[in-house]
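Read through the structure below, which is laid out as structure tokens, and then see the notes.
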Amino acid sequence: MAYSLGIDASTQSMSAIVIDVANGTLVAECSINFGEALPDYCAPNGFVNGEADGEVFSDPLMWLDALELLLERLSTLCDLKKVQALSGAGQQHGSVYLKQIWFNAVENLSSQASLSKQIKPCLSRSVAPIWMDTSTEIECQEIAQSVGGDSVICQRSGSVATERFTGPQIRRFYKSSLDAYINTHRIHLVSSFICSILAGCDAPIDTGDGAGMNLMDLHRSDWDPQLLHATAPDLRDKLPAIVSGASTIGPIAPYFVEKFGFAPETSVTVFTGDNPSSLVGTGGSTAGKVAISLGTSDTYFAAMPHVVSDPNGYGHVFGNPCGKTMSLQCFLNGSLARESVKDRFGYDWDQFTDALRDSPAGCDSNYMLPFFSPEISPRYNGRTPILKGSKAFHDWQCPKQAIRACVEGQFLNMKLHTEWMGITPSHIYLTGGASENDMIAQIIADIFQCTVDRLEVSGSVALGGAMRAAVQNLEVSLDELEKMFCSQRGHTISANKTNAVVYEAALSELQAMLIEL
Ligand code: XUL
């Protein structure tokens, strides 16, 4: 028996998967929803809005409490002593700010007190800005100007200066809270923060997640001195090292051995970002496969044989944890937009799905840019979806049309904003929470006119963590793991060819609406 554990620290929940690589089985799977399990943090969806426009924060202590609940629950589902290796991933771009005492505290965690109690005094900033934060437009302009423009940043870091990325967020903190910035001796990503806790040491950042900071030189896989300088003073000293995704950090901290029954020699592999991890967990880490992940954000990504970046500046290049790079496009209006339109009519998810089933492709020429929150692909600061169609549709009088137009709008916008990758997929791997919904999968198949495959294991972020840890430690190759865990197809959906022309027309309509934004 050789168990490997993968952890997914995402926006609304923390999840775990345990796999047995000796016989290719899924041993256990569980998840803690922040809003439901930890209501005292008053963050029903895992985040809160800050006072200033565009600010979105999470509480790092909530993540620690969730980690404890997760491992407690997992220990009732399987014997954690059998776990020999672990890794995982975090929502990308979010940052945790820590004082000098962090270094000592993380190495000496006592199982007599909770993680949150011990880490609380280490925080130099009580909140962590997360990827949904769009408050740093000015900082992005300042950083871009300082290094010679957005095209220079994009060429060096894989993305133009981007509001939610960690560098601009750090600059905003430095400008608004100078004393707290000076008092900060370590800035971690969500991934490296959770990894540090599990390994009981100050862990590095991997190139996959590091590329989402506007601070890393993509070509050297190391910090870019000019970008650091343009962002904030003395920043190099406050950041951990950058390492490749194939790096072992060390054994698990004694805290987890004493409290949850892990074996002391359980090996921790560096964590990565949720999207790079999902690339591995969908079996897409070698070029040629495309994945769409439906979560709080919807993302479209693919491993690339060479660096391909978006000329419009909305898309990104991240490190591929298995080597080379991946291209990614992220849409902020993912599951919460679907939820907004559902809630608007007091529907449950079954009624939402029925509405999709009972309405025609093309939605009788009613179109929506479903931007219920500020969007990042394309950049749009409003909070009101843009509609085009009949009067009843404009007046939100027809639930079926509104629901279909929302979902069609999401994936028409996705198709338009991913053309820069230059890929015409024959198959798309669909993963994440909403991927099991056949109607959504059908709309994606029809809009992209390709087959949509769902894998047996839908939690591809956590699975990617477990697979990476296994490759590092359990004498099994990625190829073998992909055969075991990523080739078992769940339900496959084929494109309805007759809908191609309907969606061609819809794409033109949406393009016109986007031009008018
Ligand atoms: C990617 C992005 C989101 C987060 C949260 O750039 O911002 O997908 O990783 O999932």
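Whatever order the structure lists ligands and atoms in, that order sets their numbers, starting from 1. Side chains are part of it too, since the values below use all heavy atoms of this structure and drop only hydrogens, waters and symmetry mates.
Test Trp102, Tyr174, Phe173, Phe57 against Tyr97 for ring-ring contact (aromatic ring centres under 6.0 Å, His included) and you get one pass: Phe173.
Any N or O atom pair closer than 3.5 Å counts here, and Asp274 shares at least one such pair with ligand 1. An N or O contact shorter than 3.5 Å is missing between Trp131 and ligand 1 by distance. At least one N/O-N/O distance between Gln92 and ligand 1 falls below 3.5 Å. For ligand 1, the polar-atom distance check finds an N/O of Arg164 within less than 3.5 Å of one of the ligand's N/O atoms. By the 3.5 Å distance cut-off applied to N or O atoms, Ser297 is counted among the residues near ligand 1.
Near His93, with a cut-off below 4.0 Å to any heavy atom, the atoms of ligand 1 are 1 (C), 2 (C), 6 (O), 7 (O). Contact atoms of ligand 1 toward Cys330: 1 (C), 2 (C), 3 (C), 6 (O), 7 (O), 8 (O) (distance under 4.0 Å to a heavy atom of the residue). Less than 4.0 angstrom separates some heavy atom of Thr299 from each of these atoms of ligand 1: 8 (O).
Ion pairing of Asp453 with Lys289 is absent here, as no side-chain N (NZ or NE/NH1/NH2) approaches a carboxylate O to less than 4.0 Å. The pair Asp224-Arg236 fails the salt-bridge criterion, with no side-chain N (NZ, NE, NH1 or NH2) lying under 4.0 Å from an Asp/Glu carboxylate O.
Checked by atom type and distance alone, the side chain of Ser340 pairs as donor or acceptor with a backbone atom of Leu336 at under 3.5 Å. The backbone N or O of Ser31 lies less than 3.5 Å from no partner atom in the side chain of Ser15, so there is not a single donor-acceptor pair.
Heavy atoms of Ile376 come nearer than 4.0 angstrom to ligand 1 in no pair at all.
Remark: Thr431 engages Ser460 in a side chain to side chain donor-acceptor pair (under 3.5 Å) (not counting sequence neighbours).
Under 3.5 Å, the side chains of Trp131 and Thr11 contain a donor-acceptor pair of N or O atoms.
Residue Thr296 does not touch ligand 1, judged by heavy-atom distances below 4.0 Å.
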